[in-house]
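This report refers to the structure that appears directly beneath it.
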Number of protein chains: 2
Amino acid sequence: MTTLQLDAFLPYRLSIASNRVSGVIATAYQALFGLKIPEWRLVCVLAEGGGMSQQALGVATRMDKVMVSRAAIALVDRDLVVREPNPADQRSHLLSLSELGQQLYDQIAPKALEIERELFAGFSDAERKELMEMLLRLESAAERYEAEQT
Amino acid sequence: MTTLQLDAFLPYRLSIASNRVSGVIATAYQALFGLKIPEWRLVCVLAEGGGMSQQALGVATRMDKVMVSRAAIALVDRDLVVREPNPADQRSHLLSLSELGQQLYDQIAPKALEIERELFAGFSDAERKELMEMLLRLESAAERYEAEQT
DNA sequence: CTATGATCGTTGCAATTGATACTAATCTAG
DNA sequence: CTAGATTAGTATCAATTGCAACGATCATAG
């Protein structure tokens, strides 16, 4: 007979670990900067290179356009992000960090890296790298699986 | 200057991979058995050993009591799970799989393992073991972190 | 005993998320 | 050109999840 031990089921373990870690991050970001995870993902990507459309942000952050829209509205309301018309396409806007947003990011980035360091304190560099690589493979595998199921 | 590359941020990668995998599992379980993830987690644990209180199920599945309660109600409604009074404590009930629930589980388990196998097809046994172990460590680290933040 | 506090499970409410529909603008066939 | 199909972004509605409050039972201190 086939037994399935929940504890040994990798998708379960993955979900639990991810939720715990996301909880830590979400709490920290909310408390420190009043940002939700979708919002700070946008800040993060915009800091790498501004002048992006929301559609491009969605691709970069793996969030759907609805979530990007909501996060963008929240950030613009707080003057962390500025919208400019897109000369190439009137339907879309180009988003960039404002001066204020840039300042916020400069505070956010070190804090994020600090939390990451603390969470992964027990991991060697090699392990971190390996984990990262496994997660990427897994992501592709899941996408492939979904594609197969037409 | 400290830069934070979102792509290289482990909590982000973890969240993306986990959500993708959960999506695959959730879709499969909904389509095949009409079960949501919280429900099938209960089925899974009850199959290992019945006669548990909801509180114990919550510990075993890492779900809070509200989610356990809702999942349990759904399963009892479908006659997959039976409740019996707990002689030791009148506030709680003991849950077990019904005959029908056991039959469902017998179908579920192989299918779950098959999906897991497919998702992790590119992983060696050693890699799977290592991933599992890293996820457990991460879970503890996150819990420790949360505890520290009083 | 009995009164206070804790625990089990459920319910109700608010916040987050996802799917769909919709407006405005762009692209593509013919 | 222009009609039809596609895309960017927003808004609306339903589903999921988490938190706080609650009734009922249990444990403990006096």
Side-chain angles (χ1 to χ4, degrees), chain A residues 15-16 18-27 29-31 34-42 45-46 51-77 81-96 146, chain B residues 15-16 18-27 29-31 34-42 45-46 51-77 81-96 146:
Chain A
S15 168
I16 298 296
S18 171
N19 287 344
R20 287 272 197 281
V21 169
S22 285
V24 166
I25 302 281
T27 303
Y29 275 66
Q30 188 63 256
L35 289 179
K36 298 172 190 162
I37 288 186
E39 290 159 20
W40 96 260
R41 280 186 186 168
L42 291 197
V45 170
L46 288 174
M52 299 178 75
S53 70
Q54 295 189 185
Q55 124 78 12
L57 283 167
V59 172
T61 58
R62 318 262 170 160
M63 304 193 293
D64 71 34
K65 61 185 181 175
V66 176
M67 217 182 314
V68 173
S69 172
R70 289 197 263 244
I73 290 171
L75 292 171
V76 170
D77 280 354
V81 162
V82 293
R83 306 182 108 117
E84 294 165 305
N86 182 352
D89 188 337
Q90 309 256 82
R91 291 169 300 180
S92 73
H93 328 109
L94 297 180
L95 305 187
S96 324
E146 278 186 337
Chain B
S15 168
I16 299 295
S18 172
N19 287 343
R20 288 272 196 280
V21 169
S22 286
V24 166
I25 302 280
T27 304
Y29 275 66
Q30 188 64 256
L35 289 180
K36 298 175 190 162
I37 288 187
E39 289 159 20
W40 97 260
R41 279 186 187 169
L42 291 197
V45 170
L46 288 174
M52 299 178 73
S53 71
Q54 295 188 186
Q55 125 78 12
L57 284 167
V59 172
T61 59
R62 316 263 170 160
M63 304 193 294
D64 71 35
K65 61 184 180 175
V66 176
M67 218 184 311
V68 173
S69 170
R70 290 197 261 246
I73 290 171
L75 292 172
V76 170
D77 280 353
V81 162
V82 294
R83 307 182 108 119
E84 293 165 305
N86 182 351
D89 187 336
Q90 308 258 78
R91 291 170 300 180
S92 73
H93 328 109
L94 297 180
L95 305 187
S96 323
E146 278 185 337

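Side-chain atoms are counted along with the backbone in the values below, which use heavy atoms only and exclude waters and symmetry mates. Chain letters run A, B, ... following the sequence lines, proteins first, then strands; residues in each count from 1.
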(request) Could you check A:V66 against A:Q30 and say which one's nearest nucleotide on DNA chain C is further toward the 5' end? (result)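 The residue closer to the strand's 5' end, by nearest nucleotide, is A:Q30.
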
Between [N] atom [atom2] and [X] atom [atom1], what is the distance in whole Å?
| X | N | atom1 | atom2 | value |
| --- | --- | --- | --- | --- |
| A:Q55 | D:dA8 | CD | P | 5 Å |
| B:D64 | D:dT17 | CG | P | 10 Å |
| B:I73 | C:dG9 | CD1 | C1' | 9 Å |
| A:M52 | D:dG9 | CE | P | 11 Å |
| A:D89 | C:dA24 | CG | C1' | 10 Å |
| A:M67 | D:dT16 | CE | C1' | 13 Å |
| B:I37 | D:dT16 | CD1 | P | 12 Å |
| A:D77 | D:dT10 | CG | P | 11 Å |

(message) Checking A:D64 against A:M67 for the side-chain contact (heavy atoms from CB on, under 4.5 Å) test, could you report, in this order, the C-alpha distance in whole Å, the side-chain angles of both residues, the deciding distance, and whether it holds?
(response) CA-CA 6 Å; A:D64 71 34; A:M67 217 182 314; 3.9 Å; yes

(message) Which is more 5' along DNA chain D, the nucleotide nearest B:P87 or the one nearest A:A72? Just name the residue.
(response) A:A72

Kindly give the heavy-atom pair with the smallest separation between [X] and [Y], and that separation in Å.
| X | Y | value |
| --- | --- | --- |
| A:S96 | A:E84 | OG-OE1, 4.0 Å |
| A:G23 | B:E146 | C-OE2, 4.2 Å |
| B:A26 | B:I37 | CB-CD1, 3.9 Å |

(message) Any N or O donor-acceptor pair under 3.5 Å from the base of C:dT26 to the side chain of A:R91?
(response)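 No.
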
(request) Tell whether A:R70 reaches the base of C:dG18 with its side chain through a donor-acceptor pair below 3.5 angstrom. (result) yes

Less than 4.0 angstrom between a side-chain N/O of [X] and OP1 or OP2 of [N], yes or no?
| X | N | answer |
| --- | --- | --- |
| A:S69 | D:dT10 | yes |
| A:K65 | D:dT10 | no |
| A:Q54 | D:dT7 | no |

(message) Distance alone, cut at 3.5 Å: any donor-acceptor contact between the side chains of A:Q54 and A:R83?
(response) yes

